[in-house]
Amino acid sequence: MADAILKTEAELALMRESGRLLASVFAYVDGWMAAGLSTLEINDRVERYIVDELGARPASKGQYGFEYVLNTSVNQVVCHGVPSAKKVLKSGDIINVDITLENGGFIADSSKMYLIGKVSPHARRLVDATYEAMWAGIRAVRPGATLGDVGHAIQALAQNYGYSVVREYCGHGIGREMHEAPQVLHYGQAGTGTVLREGMTFTIEPMINQGKAAVRTLPDGWTVVTRDKRLSAQWEHTIAVTADGFEVLTLRDEERFRLADGE
């Protein structure tokens, strides 16, 4: 198994800028996400913004043969939802928008859930719990901790809500390449696995299912859905291990209170 690539302070500065730009993409999407949009329109607007306004590169486009700049995973779609002109958002939907961006040679990766119109209480509960699970994992990050600590924190919170953690997909190291070592599982045993070191950078991106953890891939070869057709949610940030804890490289403005308040 390959070792994690430790980033220098100069490299972290470049990753921090990529993360800042990606956070601005979500701020842009926040302004117009609504019922009536097709997921392809979301893709096309984001591509224009990244390329024309930010002068950056959508890192997902063309990777592994993927044709689009982002994933749009709606309701029972767990991850890798393919943008489509036929998929139009309606009130009550929940959607994960997963976007990557490369700038200055380094990639940032983040995703966010959007609640469209009037969303049911059980859907909102899932989305909120998944967000808290991601942050539980983030708060476990510090030098000397292990990836098992991160996965255990996520799993414990999700299961406390009665939800299940998808096991087929995980977070990953990130930097000059989209996928670097290590793999970051969203379940596990505290005190086990890779020991975290200052300079590591990776994503934490739990996929939490309302029902059972089982998933299947649709015939398009990309879209992953829950087998029981119940809802799934996901949130994601790119994280750096610092000398005394963590830094969220893709932190969005509305989240800064979490760190300012010491959460």
Side-chain angles (χ1 to χ4, degrees), residues 1-20 22-23 59 79 98 100-102 104-112 129-160 165-208 234-252 255-256 258-263:
M1 182 180 296
D3 292 331
I5 300 171
L6 301 183
K7 310 305 191 292
T8 65
E9 185 51 49
E11 290 172 328
L12 284 172
L14 291 170
M15 290 194 69
R16 197 172 288 120
E17 176 62 10
S18 293
R20 185 190 69 82
L22 184 51
C79 61
D98 189 345
T100 63
L101 178 153
E102 182 268 323
F106 286 88
I107 297 170
D109 187 1
S110 185
S111 79
K112 178 176 181 177
T130 304
Y131 186 66
E132 291 304 321
M134 176 190 68
W135 275 99
I138 291 171
R139 287 193 292 267
V141 173
R142 61 185 179 280
T146 68
L147 286 177
D149 296 335
V150 174
H152 176 75
I154 293 168
Q155 181 180 13
L157 192 146
Q159 291 182 344
N160 187 55
V165 179
V166 173
R167 298 191 172 215
E168 287 84 349
Y169 301 93
C170 61
H172 50 86
I174 190 170
R176 292 188 183 277
E177 300 295 332
M178 177 80 75
H179 296 109
E180 300 178 350
Q183 290 191 332
V184 181
L185 304 182
H186 302 119
Y187 60 93
Q189 184 175 345
T192 66
T194 300
V195 176
L196 302 184
R197 300 168 60 192
E198 182 181 1
M200 284 183 172
T201 53
F202 49 80
T203 69
I204 294 177
E205 48 180 300
M207 287 144 273
I208 307 297
Q234 180 185 21
W235 294 82
E236 176 183 13
H237 272 310
T238 297
I239 312 298
V241 183
T242 64
D244 58 357
F246 64 86
E247 179 180 359
V248 181
L249 299 176
T250 47
L251 192 71
R252 296 180 278 271
E255 297 175 303
R256 296 190 184 278
R258 285 184 167 266
L259 301 185
D261 291 346
E263 291 193 26

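Only this structure's heavy atoms are used, side chains among them; waters, hydrogens and symmetry mates stay out.
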Pairwise distance CE(Met207) to OG(Ser111) - rounded to 0.5 angstrom: 8.5 Å
From Ile107 atom CD1 to Leu249 atom CG, the distance as rounded to the nearest 0.5 Å: 13.5 Å
Pair Thr130-Met134, side-chain contact (heavy atoms from CB on, under 4.5 Å): steps then yes or no: CA-CA 6 Å; Thr130 304; Met134 176 190 68; over 6 Å; no
Which residues share a side-chain contact (heavy atoms from CB on, under 4.5 Å) with Arg197, sequence neighbours left out: Leu6, Met200
pair Ile154-Ile204: side-chain heavy atoms closer than 4.5 Å: yes
Pairs where residues 186-207 contributes a residue and the test ring-ring contact (aromatic ring centres under 6.0 Å, His included) is met, not counting sequence neighbours: none
Sidechain-backbone polar pair: Glu180 side chain, Arg176 backbone, donor-acceptor under 3.5 Å: yes
Glu198: partners by side-chain contact (heavy atoms from CB on, under 4.5 Å), with sequence neighbours left out: Ala243
Set of side-chain contact (heavy atoms from CB on, under 4.5 Å) partners for Ala190, sequence neighbours left out: Asp149, His152
Rounded distance (nearest 0.5 Å) linking atom CZ of Arg167 with atom CD of Gln155: 5.0 Å
Distance (rounded to the nearest 0.5 Å) between Ile208 CD1 and Trp235 CH2: 13.0 Å
Non-neighbouring partners of Glu168 that pass side-chain hydrogen bond (donor to acceptor under 3.5 Å, both in side chains), sequence neighbours left out: none
Ala240 backbone acceptor or donor facing Glu247 side chain under 3.5 Å: no
Val150 vs Val141 side-chain heavy atoms within contact, under 4.5 Å: yes
Point-to-point distance, once rounded to the nearest 0.5 Å, from CD of Glu102 to CE of Met178: 10.0 Å
Check: Glu9 and Leu12 side chains under 4.5 Å, non-hydrogen atoms: yes
Nearest heavy atoms of Leu157 and Ala136, plus distance in Å: CD1-CB, 4.1 Å
Residue pair Trp135 / Glu255, side-chain heavy-atom distance below 4.5 Å: yes
Val184 side chain near Ile239 side chain, heavy-atom distance below 4.5 Å: no
Backbone N/O of Gly19 and side chain of Thr250: donor-acceptor pair under 3.5 Å: no
Interatomic distance, Asp244 atom CG to Arg142 atom CZ [nearest 0.5 angstrom]: 11.5 Å
Nearest atoms (heavy-atom pairs only) where Pro206 meets Ala133: CG-C, 4.4 Å
Any donor-acceptor N/O pair, Ser110 side chain to Glu236 backbone, under 3.5 Å: yes
Nearest heavy atoms of Asp109 and Glu205, plus distance in Å: OD2-OE2, 4.4 Å
Results of side-chain hydrogen bond (donor to acceptor under 3.5 Å, both in side chains) for Thr201 - residues two or more places apart only: Lys7
